[in-house]
Amino acid sequence: MQGFGTTIFAEMSALAVRTGSINLGQGFPDTDGPPRMLETAVEAIRSGGNQYPPGPGLPELRRAVAAQRRERYGLDYDPDTEVYVTVGATEGIAAAMLALANPGDEVIVFEPYYDSYAATIALAGAVRRPVTLRPDGGRFTFDPDELRAAVGPRTRIILVNSPHNPAGTVFTRAELETIAALCREHDLIAVTDEVYEYLTFDGAEHIPLATLDGMRERTVAVSSAGKTFSVTGWKTGWVTAPAPYVRAVQTVKQFMTYAVGGPWQRAAAYALSNELDWVARLRDSLQAKRDRLVTGLEAAGFATVRPQGTYFVQADIRPLGFTDGMELALALPEKAGVVAIPTQVFYDDAAAGSHFVRFAFCKKDEVIDEAVERLRRLG
């Protein structure tokens, strides 16, 4: 782990606290999830659900996840052997990497990438091979030829995040077909991070890679309750995959955390079965917040790439006369009383993202408005 220090999220959130700045860096909402879901967790605590739950997860949550995959996407998973509960999606991805990537294997990632990807690939002794997403036609996308060129004899896994953090892209069916074709041709495993699966905008559709021909049997899909139900602190996620892959993930995960908090599992099971109307309202609210922040950032002088999903806007700092996102992000608390994340930390090729900073819009309207007003000081 040499070369991996404190995560950028911890660093910038600490900076926000230290300076009293508005934190538009780390992606957590400032409002809670469905009230009845919260009460379900409280009831589970009060009724004695506070000891170790089963290692694979509470049966009711595994059944709820299997039902969600079937009803939303037409994917059938056995809740007893093909669904596994993890401490958030981050642990699910880490366990999948440690279970499925051998030392020296190569893992393709799309950069900018969530920072834990690089760390978990390194922990597995594997080698990451980045493929760069670039703005094109108002969204970030990849060059299919660059993706094909990244596949080599040691390639083992393609790690796919859609809806994509931090770029905000929702991969199209055509883009996913390109990925699927390479997986089939080269016998690759796909690990998919789908935590923002419900949070897509402007009619963009999340298509699980596992729904494409020949992909269910080679895909380890990861999602969670955190973003869907605005309970990021619960760290309750799940893996759905063919039984052999789930057994591999379980073999690793059981020696990291063994089990996930029972009350949060019970509440997540309730929410998956009963609170999707609330999620639809959340999505509409987030789309409006995205538009609010984009409008404000552009009025403050930034150029933006309007995201198709997630919590985040990529803002180009060059129209304001800046070129180094890290330098600006560290100076923003003093210059404007706002914290953002420098996007370049999510690249192997830092220069490709040096002119972007990431702002989160999963905040109250008045917080967004105050942040935008402060950012006008940069003009």
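Along the sequence shown, the residues carry numbers beginning at 1. Computation of the quantities below employed the complete heavy-atom set of this structure, encompassing side-chain atoms and omitting hydrogens, waters and symmetry-equivalent molecules.
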Engineer: Applying the 4.5 Å side-chain criterion to the ILVMFWY set and letting contacts propagate, would V294 and L199 be lumped into a single cluster?
Structural biologist: yes
Engineer: For the rings on F140 and F356, is their centre-to-centre separation under 6.0 Å?
Structural biologist: yes
Engineer: For the residue pair F110 and F142, is the inter-centroid distance of their aromatic rings smaller than 6.0 Å?
Structural biologist: yes
Engineer: Atom CG of L328 and atom CD1 of I317: how far apart are they, to the nearest 0.5 Å?
Structural biologist: 5.0 Å
Engineer: Strictly below 4.0 Å, N to O, side chains only: are R318 and D316 in salt-bridge contact?
Structural biologist: yes
Engineer: Please say which of R62, R70, R216, R247 ends up in a salt bridge (charged side-chain N to carboxylate O under 4.0 Å, His left out) with E82.
Structural biologist: R216
Engineer: Does R69 pair with D76 as a salt bridge, N-O distance under 4.0 Å?
Structural biologist: no
Engineer: Between R358 and Y311, is NZ or CZ placed under 6.0 angstrom from the six-membered ring centre and within 45° of the ring axis?
Structural biologist: no
Engineer: List the steps and the verdict of side-chain hydrogen bond (donor to acceptor under 3.5 Å, both in side chains) for Q344 and S354.
Structural biologist: CA-CA 5 Å; Q344 67 206 68; S354 62; 5.3 Å; no
Engineer: Determine whether the aromatic ring centres of residues Y347 and Y113 are separated by less than 6.0 angstrom.
Structural biologist: no
Engineer: Given the side-chain rings of F9 and Y114, with only the six-membered ring counted for Trp, is the space between their centroids under 6.0 Å?
Structural biologist: yes
Engineer: Does the pair D30/K364 count as a salt bridge with the N-to-O cut at 4.0 Å?
Structural biologist: no
Engineer: Flag this pair as yes if the NZ/CZ of R72 is under 6.0 angstrom from the six-membered ring centre of Y198 and inside a 45 degree cone about the axis; otherwise no.
Structural biologist: yes
